[in-house]
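Encoded as structure tokens, the structure appears first; notes follow it.
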Amino acid sequence: MAPTNRSPFRRTLALLASVAILAQAGVSEVAFAQTAPEATAPGVAAPVPAAPPAPATPQQTPPIQGVVPNNGPASVADLAEGLLDAVVNISTSQNVKDDEGVGPAPRAPDGSPFQEFFNDFFNKQQGSKGPNHNVSSLGSGFVIDPTGYIVTNNHVIEGADDIEVNFANGSKLKAKLIGTDTKTDLSVLKVEPKAPLKAVKFGDSSEMRIGDWVMAIGNPFGFGGSVTVGIISGRGRNINAGPYDNFIQTDAAINKGNSGGPLFNMKGEVIGINTAIISPSGGSIGIGFSVPSELASGVVEQLRQFGETRRGWLGVRIQPVTDDIADSLGLDTAKGALVAGVIKGGPVDDGSIKAGDVILKFDGKTVNEMRDLPRVVAESTVGKEVDVVVLRDGKEQTVKVKLGRLEDSDQAASGGGAPDGSQDDGVITPDPDENNDMDEPDTGDQAQPMPGAPAPDQHQGQVSPDAATPKNVLGLSLSLLSPETRKAFGIAESVDGVVVTEVAPGSASAEKGLKPGDVIVEVAQEFMKSPDAVAAKVKSLKQEGRRNAQLMIASANGDLRFVAVPME
């Protein structure tokens with residue numbers, strides 16, 4: 001019985017010893033993988049590999065090497081040291097009367113939960129009260145030329161009687177304003193240094209991606225030479241600060257006093273100019289905005305050369321392409337900018353671009369949404385001939401356009417031949433107080449009066465015997481334009497089409513903002529001469545399976561807009 005009992009015990013010991021040896025072999029392999037030797041330096045002979053060691057017994061198990069401790073993120077000290085001398089503090093003083101305004105400031109979109117934060121951030125300090133008092137402000141800037149050219153924000157120096165630039169070495173110089181651009185909130189200053197200054201250059205912000213590291217240097221709350229680091233949190237932000245909003249969003253700490261300072265990439269190039277923040281207290285919460293260098297560099301160069309901007313001008317009034325309008329035009333998606341009117345005497349008054357066209361590309365650049373067009377037009381050279389791709393009558397066409405100068409249109413505005421201040425964008429955009437989908441009536445005076453109506457189609461637009469009888473279409477009571485209806489609604493002689501006399505409450509047309517006195521000029525890009533023509537065209541669109549009817553609507557004075565009315 002004894003031999004029988006010992007045999008299983010010996011087998012068990014042998015099995016456990018085998019498992020221990022195999023386990024040790026596995027541990028040795030893992031340790032080797034974690035402690036692989038570094039690559040041999042160039043020119044140094046590689047050591048001859050030693051024979052693999054014999055498996056160790058459990059008593060000889062070597063310890064597994066631990067992970068080397070991390071000393072934190074890579075330092076940006078060297079980068080910052082080379083840039084600090086090019087960043088300056090800007091102090092201004094202004095003698096103002098009580099309750100005197102200090103100019104416009106960027107604002108958050110209407111209804112935005114951040115609106116009060118923007119208002120708080122841009123409120124100016126009022127100083128002591130009295131008949132007159134001095135208002136001082138602090139901001140930042142950076143040197144772009146060793147001879148003394150400095151870039152900052154317009155709102156930093158706007159209205160200042162005295163501008164002083166403070167350098168990192170403690171020296172101070174009086175600055176002269178070379179030029180300013182309120183549309184992008186940029187200004188260029190000039191100082192006269194005794195020796196060349198340390199300068200930085202613009203980089204290409206279009207190459208920056210969300211998540212890339214950036215560094216801000218500025219003068220927050222008067223603490224000059226402050227460095228903060230973060231990432232790009234977003235691109236193409238629109239905060240309603242101006243017609244060309246395309247801000248970089250960053251979580252690098254930006255506070256009051258950082259305005260006008262540079263946002264650097266990790267190469268030490270300026271890829272943004274810090275302009276605004278969202279904050280409940282005026283301090284950074286990680287949402288800051290910078291003007292991208294791709295927009296700023298051209299503006300700065302023009303201000304340096306001419307003391308003013310010289311932007312391209314297309315001379316059209318545009319509105320967004322909504323989903324309903326896209327459906328009525330046969331577009332797969334809502335894209336492009338819809339031309340609602342053409343400025344008389346403008347660059348495209350020759351018929352190259354017409355009301356109702358959808359601009360899809362401008363000079364090779366895709367127009368994804370309405371706000372893309374003003375920026376690319378303004379950045380184009382005055383007098384340049386460009387190719388513009390438009391959707392017209394359901395087909396894409398390419399037309400040649402020679403750009404005018406936006407500033408010339410500003411000067412012509414006083415003569416009534418060009419738009420008013422709402423055309424600040426180089427095109428013509430809707431009034432910011434209008435609703436987003438542009439379905440509310442437009443009361444602006446910037447669109448061209450309706451030109452002579454095109455000849456009616458053989459079938460559409462002909463006046464039928466009962467044309468004078470009002471028709472009810474899409475919840476609208478329609479009538480021919482006559483001297484009586486023109487007088488009743490104050491409709492200009494230059495306007496032609498079919499007049500709306502009544503709008504049914506609760507109808508789709510009422511929801512889209514149509515009102516008595518509006519004139520239907522076109523339906524689906526066909527001129528309408530009578531109520532019968534409108535009814536026939538709407539019936540035809542329904543038979544084609546269209547869900548919306550695109551109407552070109554003229555106001556009493558001839559301003560045009562497009563409305564897509566559901567036909568269900």
Passes side chain to side chain contact (heavy atoms under 4.5 Å, CB included), F362 versus S380? Steps please. CA-CA 10 Å; F362 181 88; S380 301; 3.4 Å; yes
Stepwise side chain to side chain contact (heavy atoms under 4.5 Å, CB included) check, V358 with K335: CA-CA 9 Å; V358 177; K335 59 183 179 180; over 6 Å; no
Test side chain to side chain contact (heavy atoms under 4.5 Å, CB included) applied to L329 and Q550, step by step: CA-CA 7 Å; L329 293 172; Q550 180 186 302; 2.7 Å; yes
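Residues T184 and V299 approach most closely at OG1-CG1, 3.7 Å, considering heavy atoms. Heavy atoms only, all atoms of each residue included: I239 and D245 are closest at N-OD2, 3.0 Å. The two residues N153 and I273 come nearest to each other via the heavy atoms ND2-CG2, 4.0 Å. Contact record, A252 with G230: CB-N, 3.7 Å, taken as the closest heavy-atom pair. The two residues V377 and L403 have their closest heavy-atom pair at O-CD1, 4.4 Å. Across A340 and R561, no two heavy atoms sit closer than the pair CB-CA, 4.1 Å.
With sequence neighbours left out, K190 forms a salt bridge (Lys or Arg N to Asp or Glu O under 4.0 Å) with E192. Judged as a side chain to side chain donor-acceptor pair (under 3.5 Å), and not counting sequence neighbours, D78 has no contacts. Every residue two or more places apart in sequence or in another chain that forms a side chain to side chain donor-acceptor pair (under 3.5 Å) with Q249 is listed here: R237. The side-chain contact (heavy atoms from CB on, under 4.5 Å) test applied to V87 returns I217, P262, F264, not counting sequence neighbours. Applying the side chain to side chain donor-acceptor pair (under 3.5 Å) rule to S171 yields the partners N169; only residues at least two apart in sequence or on another chain are considered. In this structure, the salt bridge (Lys or Arg N to Asp or Glu O under 4.0 Å) partners of D145, at least two apart in sequence or on a different chain, are R304. Shown here are the salt bridge (Lys or Arg N to Asp or Glu O under 4.0 Å) partners of D181, two or more places apart in sequence or in another chain: R311. Shown here are the side chain to side chain donor-acceptor pair (under 3.5 Å) partners of D323, two or more places apart in sequence or in another chain: there are none. Every residue meeting the salt bridge (Lys or Arg N to Asp or Glu O under 4.0 Å) condition with E164, not counting sequence neighbours, appears here in chain and number order: K174.
Under the 3.5 Å distance criterion, the side-chain polar atoms of S293 are matched with a main-chain donor or acceptor of S205. Of the possible polar contacts, none joining the N166 side chain to the K172 backbone as a donor-acceptor pair under 3.5 Å is found. With T182 contributing its side chain and T180 its backbone, the two residues share no donor-acceptor pair below 3.5 Å. For S290 (side chain) and P292 (main-chain N/O), no donor-acceptor pair under 3.5 Å exists by modelled atom type. Looking at S140, its side chain does come within 3.5 Å of a backbone N or O of N219 through a donor-acceptor pair. Side chain of T250 to backbone of I231: a donor-acceptor contact under 3.5 angstrom is found. Here the side chain of N154 pairs no donor or acceptor atom with the backbone of D185 at under 3.5 angstrom. Listed for the D327 side chain is no donor-acceptor partner under 3.5 Å among the backbone atoms of D324. A donor-acceptor pair is defined here as one N or O able to donate and one able to accept, closer than 3.5 Å; no such pair exists between the side chain of D212 and the backbone of M208. A side-chain donor-acceptor contact under 3.5 Å links N265 to the backbone of G268.
At a threshold of 4.5 Å between non-hydrogen side-chain atoms, the residues P374 and I318 count as touching. Residues L197 and F167 have side chains in contact (heavy-atom distance under 4.5 Å, counting atoms from C-beta outward). With a 4.5 Å cut-off on side-chain heavy atoms, S226 and P220 count as touching. Side-chain atoms of I325 and N548, non-hydrogen and from C-beta on, never get closer than 4.5 Å to each other. Proximity of V227 to L83: side-chain heavy atoms (C-beta onward) are nowhere separated by under 4.5 Å. In this structure, the side chains of L177 and S187 come closer than 4.5 Å at one or more pairs of heavy atoms.
Applying the salt bridge (Lys or Arg N to Asp or Glu O under 4.0 Å) definition to pairs two or more places apart or across chains, those involving residues 378-392 are D357-R392, D363-K384, D387-K400. Among residues at least two apart or in separate chains, there is no salt bridge (Lys or Arg N to Asp or Glu O under 4.0 Å) pair with a member in residues 195-211. Residue pairs meeting the salt bridge (Lys or Arg N to Asp or Glu O under 4.0 Å) criterion with at least one partner in residues 285-300, sequence neighbours excluded, are R235-E294.
From F289, atom CZ reaches atom CD1 of I277 across 10.0 Å, with rounding to the nearest 0.5 Å. The distance from atom CG of N246 to atom CG of L295, rounded to the nearest 0.5 Å, is 7.0 Å. Interatomic distance, T228 OG1 to N255 CG, rounded to the nearest 0.5 Å: 8.0 Å. Between atom CD1 of residue I90 and atom CG of residue L138 there is a gap of 10.0 Å, rounded to the nearest 0.5 Å. Atoms CG and CG, on N368 and L360 in that order, are 10.0 Å from each other to the nearest 0.5 Å. If you take CE on M370 and CD on Q319, they are separated by 8.5 Å, rounding to the nearest 0.5 Å.
Other residues, nucleotides and ligands contribute more than 12 heavy atoms inside 6.0 Å of the CZ atom of F306.
Partner of Q305 under the side chain to side chain donor-acceptor pair (under 3.5 Å) criterion, out of E301, Q302, E308: E301 alone.
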